[in-house]
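When a residue number appears, it is its place in the shown sequence, counting from 1. The figures that follow rest on heavy atoms only: side chains count, while hydrogens, waters and symmetry mates do not.
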Amino acid sequence: MPSHDPHHIGTIEQLTALFGTPGAASLKKEVDHIHPLYRPLIEASPFAILATSGPEGLDVSPRGDPAGFVQIEDERTLLLPERRGNNRIDSLRNLLTDPRLAVLFLVPGMGEMLRVNGTAHISVAPPLLERLAMRDKPPQCVIVMKVERVFFQCARAIQRSGLWNPAPERDQLNVPTAGAILAGLTHAQIDGEKYDRELPQRQRDTLY
């Protein structure tokens, strides 16, 4: 149903009138494969954000390892290791019903980011698991991504956020700890102080 709000943007024409048309550089930077100029950004990235879609809605989740953890099989194929985690497997559940995904690669200290879109399937092929092992521990599975669109994102978001500025100390942040959040959400069924106290060691023991 059309909105009666005069400030509501609901058509492509309205969006185009608001933002204008993209410049030539914004269009020419997009390719359908891992170009040699884009390859170093993936190889230098220790952190990526994975977006998927499924019957229960959208999901976006982080992935991280030493730089180059997402391996380039060829110019149209990426290999994303799926390490142990909280076992929610929201992204993997989505891929079973909708193979589309998008990955955003970040490189610390660099303003530009790399955006890669495509489709994927999940594999537990032993050679892939062995190839992507860390500390002699293979991933649970591997997301094999077929690349369809690749382009870099300009640096404005990083510049505006100051993301790579020196990080404040944890006690300077006015945000609750993981334990405090769990204690509040469970009405103290989870001991938040105990959770926070044990969390650093548990994370070290279960990193891989």
- Query: For atom CD of Glu56, is the number of surrounding heavy atoms from other residues, nucleotides or ligands below 6.0 Å larger than 12?
  - Reply: no

- Query: Does any donor atom in the side chain of Gln159 or Arg156 lie under 3.5 Å from an acceptor atom in the other side chain?
  - Reply: no

- Query: Do Leu95 and Val142 share a hydrophobic cluster (ILVMFWY, side-chain heavy atoms under 4.5 Å, transitive)?
  - Reply: no

- Query: Stepwise, does the side-chain contact (heavy atoms from CB on, under 4.5 Å) test hold for Leu207 with Arg135?
  - Reply: CA-CA 10 Å; Leu207 197 58; Arg135 300 181 186 176; 4.0 Å; yes

- Among Val124, Leu80, Leu128, Ile89, find the one that has a side-chain contact (heavy atoms from CB on, under 4.5 Å) with Cys141. Val124

- Query: Does NZ or CZ of Arg202 come closer than 6.0 Å to the centre of the six-membered ring of Tyr195, within 45° of the ring's axis?
  - Reply: yes

- d(Lys137 NZ, Leu129 CG) to nearest 0.5 Å is 15.0 Å

- Which is it for Leu106 and Trp164 under the side-chain contact (heavy atoms from CB on, under 4.5 Å) test, yes or no, and what are the steps along the way? CA-CA 11 Å; Leu106 287 82; Trp164 305 133; 4.1 Å; yes

- Item | Spacing of Gln71 atom CD and Arg131 atom CZ [to the nearest 0.5 Å] | 4.5 Å

- Item | Single-linkage hydrophobic cluster Val60~Leu92, side-chain heavy atoms < 4.5 angstrom | no

- Roughly how far apart are Thr206 OG1 and Asn86 CG, rounded to 0.5 Å? 11.0 Å

- Nearest heavy-atom pair of Pro46 and Ala44: which atoms, and what distance? CD-O, 3.3 Å

- Query: Honestly curious: do Phe151 and Val147 fall in one hydrophobic cluster under the side-chain, below-4.5 Å linking rule?
  - Reply: yes

- Message: With a 4.5 Å cut-off on side-chain heavy atoms, are Val144 and Leu79 touching?
- Response: yes

- Message: Measuring from atom CG of Asn94 to atom CG of Leu58, what distance do you get when rounded to the nearest 0.5 angstrom?
- Response: 8.0 Å

- Query: How far apart are the closest heavy atoms of Pro22 and Leu27, and which atoms are they?
  - Reply: CG-CD2, 3.8 Å

- Thr97 versus Pro55, closest heavy-atom pair with distance: OG1-CD, 3.1 Å

- Closest non-hydrogen atoms of Pro176 and Ile181, given as atom of the first, atom of the second and distance, are CG-CG1, 3.8 Å

- Item | CE-CG distance between Met113 and Leu41, expressed to the nearest 0.5 angstrom | 10.5 Å

- Message: Ring-plane angle category for His35 and Tyr38, please: parallel below 30°, perpendicular beyond 60°, tilted otherwise.
- Response: perpendicular

- Message: Are Val103 and Val70 packed together at the side-chain level, in the sense that at least one heavy-atom pair is separated by less than 4.5 angstrom?
- Response: no

- Given side chains that start at C-beta, do those of Ile72 and Leu78 come closer than 4.5 Å, heavy atoms only? yes

- Query: More than 12 heavy atoms of other residues, nucleotides or ligands under 6.0 Å from CD of Gln14: is that the case?
  - Reply: yes

- Message: Any non-hydrogen side-chain atom of Val175 less than 4.5 Å from a side-chain atom of Arg170?
- Response: yes

- Do Lys29 and Glu112 sit within salt-bridge range, that is, some charged N less than 4.0 Å from a carboxylate O? no

- Message: Is it the case that atom CD1 in Ile12 sees more than 12 heavy atoms from other parts of the structure closer than 6.0 Å?
- Response: no

- Are Ile9 and Phe19 in one and the same hydrophobic cluster, where Ile, Leu, Val, Met, Phe, Trp and Tyr link if side-chain heavy atoms are under 4.5 Å apart? yes

- Query: Side chains of Ile143 and Leu101: does their closest heavy-atom pair fall under 4.5 Å?
  - Reply: yes

- Task: Determine, stepwise, if the pair Asp65 / Tyr208 fulfils side-chain contact (heavy atoms from CB on, under 4.5 Å).
- Result: CA-CA 10 Å; Asp65 258 333; Tyr208 292 103; 2.3 Å; yes

- Which atom pair, heavy atoms only, marks the closest approach of Pro168 to Leu173? CG-CD2, 3.4 Å

- Going by the salt bridge (Lys or Arg N to Asp or Glu O under 4.0 Å) test, which pairs reach into residues 85-109, not counting sequence neighbours? Arg88-Asp90, Asp98-Arg100

- Linking I/L/V/M/F/W/Y whenever any side-chain heavy atoms sit under 4.5 Å apart, do Phe105 and Phe152 land together? yes

- Contacts of Glu30 that satisfy side chain to side chain donor-acceptor pair (under 3.5 Å) - sequence neighbours left out: Arg149

- Heavy-atom check, side chain of Ile158 versus side chain of Met110, under 4.5 Å: no

- Query: To the nearest 0.5 Å, how far apart are CZ in Arg63 and CD in Glu82?
  - Reply: 4.0 Å

- Side-chain heavy-atom pair Lys146, Pro99 within 4.5 angstrom cut-off: no

- Query: Taking atom CD of Glu148 as the centre, does the number of heavy atoms from other residues, nucleotides or ligands within less than 6.0 Å exceed 12?
  - Reply: yes

